[in-house]
Peer 1: 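Have a look at this one before I ask anything.
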Amino acid sequence: MAFWPNVVVATPAHSGVGSSLTYRSELSLTPGTLVRVPLGAREVLGVVWDCPPQPPEGLTDAQTRAVADVLVGLPPLNARWRQLVKFAAQYYQRGLGEVALAALPPQLRDLSTVQLARRLKKQEKARGTAGDTTPSPPASAPALSDEQQTALQTLDTAKAPVLLFGATGSGKTEVYLQATQQALEAHTDAQVLVMVPEINLTPQLEARFRERFEPLFGADALVCLHSGMTPAQRLAGWLAAHTGQARIVLGTRMAVLASLPGLRLIVVDEEHDPSYKSQEGARYSARDLAVYRAKVENEALSAQGGNARCQVVLGSATPSLETWHAADQGRYLRLSMPARIGGGALPRLRLVDMNHQPKGAVLAPPLVAAMAERIARGEQCMVLLNRRGYAPVLACHDCGWKSACPHCSAYRVFHKLDRTLRCHHCGFTERVPRACPDCGNLDIAPIGKGTEQLEEQLAGLLANVQRPDGSPARVARMDADSTRLKGSLEQQLATMHSGEVDVLVGTQMIAKGHDFRRITLVAGINADSGLFASDYRAPERLFALLMQAGGRAGRDAAFVNSQGSASEMWVQTWTPQHPLFDALRRHDFPAFAAQQLAERENAGMPPFGHQALLRADARSQQAAQAYLNAAAQAADGLPHRDEITLYPAVPLTIQRVANVERAQLLVEASSRGALQRFLSAWQPVLLECRALPQARGLIRFAVDVDPLSI
DNA sequence: AGCACGCCGACT
DNA sequence: GTCGGCGTGCTC
């Protein structure tokens, strides 16, 4: 008796190989079994997709090679996981094996069967001792507000994805915690997946979950899964999730593809965050896959009978318009928690019209004065500027030279601290020239402001300001540069918490998640620069960013009240008349969303229309565009072509990065189904078009379904 | 995608 | 003389 298992390996859709490869095996292999198979000269990890007892047609015996090794001891990946992977591969136009293998920990690929057995044994042993840990008193959950209570109850019985629309500080995390507890207590094998948009946000959430659940389920019951972990940690975490030993998995977008056989609750925190959309490889939206995954789990659970469900919660103070629209239509269940815990008020908006401020001032004088007042009272301030470095450009006043990157169509940023010019796109770094490289003029000067300069200027402006104890005000900066070294993020957060720092200057990263109880003033500098960009999502992003940043202020109602002052959100803008600010002033996200959705509907934009991008990287811009336009031409006559609009190829905003020219072509459809079917039919055509003479110089192409920016 | 094989520049 | 750059082609 022999079998012909179809095995998926890490070959992408555009490699020309079908979705799976057929091997030979003496044994019948359960679908989902992990195997090692010969592929060319090497041996690779693969997943058995099915295992028919008949040889395939059109494939000779000589072509079929034998399965080299079966990873016994590792339970097969279940049908729900395989369905999720299959859906993701189809929907995002990638190879089945590419998605499947990307969802497995990289170390699993090069681990021998013996090593794996050892790993599993170790894990098993740890599980054995987990139950013996001294039972600590169960962590007491705080009493819930009425809003939280309602949310929790609804969550328990909801028959649709739940949008938890909660103001910053309304206690969403406590709802996640208690929902997790509910799910875990309902079933001994139940697992919960909690996702956050960024690695930075995992430590504090992990701490909250550990504090609550370690006494109940032991330390091994919670694992983290994100790309910042070492390969060994990732393998261990993945194995724990796959074997069910981990009851709670906390991670970034990659965690949505982890094997979780007992999944009963998925939490997507800050669901609007663009980081959930992967930007390379398979460009999937972890949020959308989370919703799909819950659906698959629920279909399986209801087929088994009983009323167990896998719930999915999308949490945000400023939901994505896609999610908001789904809630409007009743596809998602909207739960609102408008009140802050402790009765704190949301910060008052102070709009500064920069047209009426002294020319050249980065910070409006009234804002500086307001900050000085706060510092003198022992309060902290936060200033947001979304630009690293000292200045975005260095220029020669004489000949007009600018600090262009030789490899990219972008300027290199002036970093004063280490006297370098750095390209933020390709990483090319040089020491700042003493004189203009073109004309030798010594008068080269920075143009525009970055966080380094803002920190420097603020330190100067606040030099004479004293804190209540008479010590001088202290300014600190937090951005990707200041937190690059391991542990420095934690260190910087600690100095902020301890109150050593009065003013924190930083990029977007300071707006997310971190709770500093003494912050009562938040300022957005140059925040509206995004509004001038052509990106139709710019207002949505700006609103979310300002709302999130504003949410950092006045989190501790008791502190704010004791200070006798209200918290404030200052925004410096050149377009104060923009309707976005009216809604922001009222903290009225629903009004903002309604206005934006009306605009989107009129323009046929998402979520009313559906989009995909065909992107091309090439030696020359001409080749990139020629390939794209040829692909568009070759689409004639494909199924659903008449329901699709193909736009002409255009260069990306940053046309060249690291000497690679980039272009893209927008694909639009009014129906998701038509777009999907068209893209599937287009895929083989895209492969063929690579061989066209005009596409000479093409390096790669990729389809981006539901792109976040166009 | 990997990863082999294969052909041209700066180093032990 | 090699090490190594990445261009081209293949994987049941």
Side-chain angles (χ1 to χ4, degrees), chain A residues 2-29 31 33-70 85-86 88-90 92-111 227 231 254 257 278-284 407 426 428 615-620 623-624 627 657-661 683-684 686-693 695-704:
Chain A
F3 297 87
W4 283 267
N6 291 305
V7 177
V8 301
V9 295
T11 48
H14 51 272
S15 66
V17 180
S19 61
S20 68
L21 301 175
T22 307
Y23 289 85
R24 235 173 328 105
S25 162
E26 302 301 310
L27 303 163
S28 170
L29 299 172
T33 301
L34 285 158
V35 290
R36 315 196 134 274
V37 289
L39 184 69
R42 65 220 156 95
E43 206 174 278
V44 297
L45 183 66
V47 181
V48 174
W49 220 251
D50 56 19
C51 193
Q54 312 93 29
E57 270 180 59
L59 208 61
T60 65
D61 240 25
Q63 280 175 292
T64 351
R65 301 169 74 180
V67 169
D69 207 353
V70 178
V85 165
K86 189 176 172 188
Q90 257 166 20
Y92 294 105
Q93 303 291 318
R94 309 295 293 205
L96 188 56
E98 187 195 1
V99 177
L101 273 291
L104 303 175
Q107 217 181 44
L108 207 55
R109 295 180 189 204
D110 35 46
L111 216 59
S227 60
M254 67 187 304
L257 292 172
S278 148
Q279 285 307 317
E280 74 283 310
R283 296 166 184 239
Y284 61 86
H407 310 298
C426 73
F428 181 68
R615 298 203 26 186
D617 288 355
R619 281 289 124 63
S620 71
Y627 168 76
V657 168
N659 291 320
V660 172
E661 289 284 339
Q683 189 71 44
L686 298 179
L687 276 164
E688 286 165 25
C689 286
R690 287 187 305 184
L692 293 172
R696 212 173 151 73
L698 180 77
I699 298 167
R700 65 182 82 84
F701 74 85
V703 177
D704 187 347

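To find a chain, count down the sequence lines: A is the first, B the second, and so on, and within it residues start at 1. Note: hydrogens, waters and symmetry copies are ignored here, and every other heavy atom, side chains too, is used.
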Peer 1: What closest approach, in Å, do A/L45 and A/R36 show between heavy atoms, and which atom pair accounts for it?
Peer 2: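 Taking A/L45 first and A/R36 second, the nearest heavy atoms are N-NH1, 4.4 Å.
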
Peer 1: Who are the side-chain contact (heavy atoms from CB on, under 4.5 Å) partners of A/A624, not counting sequence neighbours?
Peer 2: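 Checked A/A624 against side-chain contact (heavy atoms from CB on, under 4.5 Å); matches are A/A616, A/A618, A/A663.
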
Peer 1: Hey, does A/P38 reach any base, or is it just sugar-phosphate, or nothing, if we go heavy atoms under 4.0 Å?
Peer 2: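 If one applies the 4.0 Å heavy-atom cut-off, A/P38 turns out to touch the sugar-phosphate alone, with no base involved.
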
Peer 1: Output the rounded distance in Å from CD (A/E280) to C1' (B/dA1).
Peer 2: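 My rounded result for the distance is 13 Å.
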
Peer 1: What nucleotide, of C/dT8, B/dC3, C/dC12, holds the atom closest to the side chain of A/R696?
Peer 2: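 Among C/dT8, B/dC3, C/dC12, the one nearest the side chain of A/R696 is C/dT8.
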
Peer 1: Given B/dG2, C/dC12, C/dT8, which nucleotide is nearest the side-chain atoms of A/R109?
Peer 2: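 That would be B/dG2.
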
Peer 1: From CG of A/L39 over to C1' of C/dC10, roughly how many Å is that when rounded to an integer?
Peer 2: 9 Å

Peer 1: Write down the distance between CG (A/L96) and P (C/dC12), rounded to a whole number of angstrom.
Peer 2: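 So the two atoms are 17 Å apart, to the nearest Å.
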
Peer 1: Write down the distance between CZ (A/R690) and C1' (C/dT8), rounded to a whole number of angstrom.
Peer 2: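 A/R690 atom CZ is separated from C/dT8 atom C1' by 12 Å.
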
Peer 1: Take the protein atom CG of A/L687 and the nucleotide atom P of C/dC10, then report the distance between them rounded to whole Å.
Peer 2: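 Value for this atom pair: 15 Å.
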
Peer 1: What is the distance, to the nearest angstrom, from the CZ atom on A/R700 to the P atom on C/dC6?
Peer 2: 12 Å

Peer 1: Find the distance A/R42:CZ to C/dT11:C1' and express it as a whole number of Å.
Peer 2: 7 Å

Peer 1: Please report, rounded to the nearest Å, how far the C1' atom of C/dC6 is from the CZ atom of A/R619.
Peer 2: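 Going from CZ in A/R619 over to C1' in C/dC6 covers 9 Å.
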
Peer 1: Could you tell me whether A/T64 contacts a base, only the sugar-phosphate backbone, or nothing, with contacts defined as non-hydrogen atoms closer than 4.0 Å?
Peer 2: sugar-phosphate

Peer 1: Going by side-chain contact (heavy atoms from CB on, under 4.5 Å), name the residues that satisfy it together with A/A102, two or more places apart in sequence or in a different chain.
Peer 2: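 None.
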
Peer 1: Pick out which of A/V7, A/V48, A/D50 makes a side chain to side chain contact (heavy atoms under 4.5 Å, CB included) with A/L29.
Peer 2: A/V48

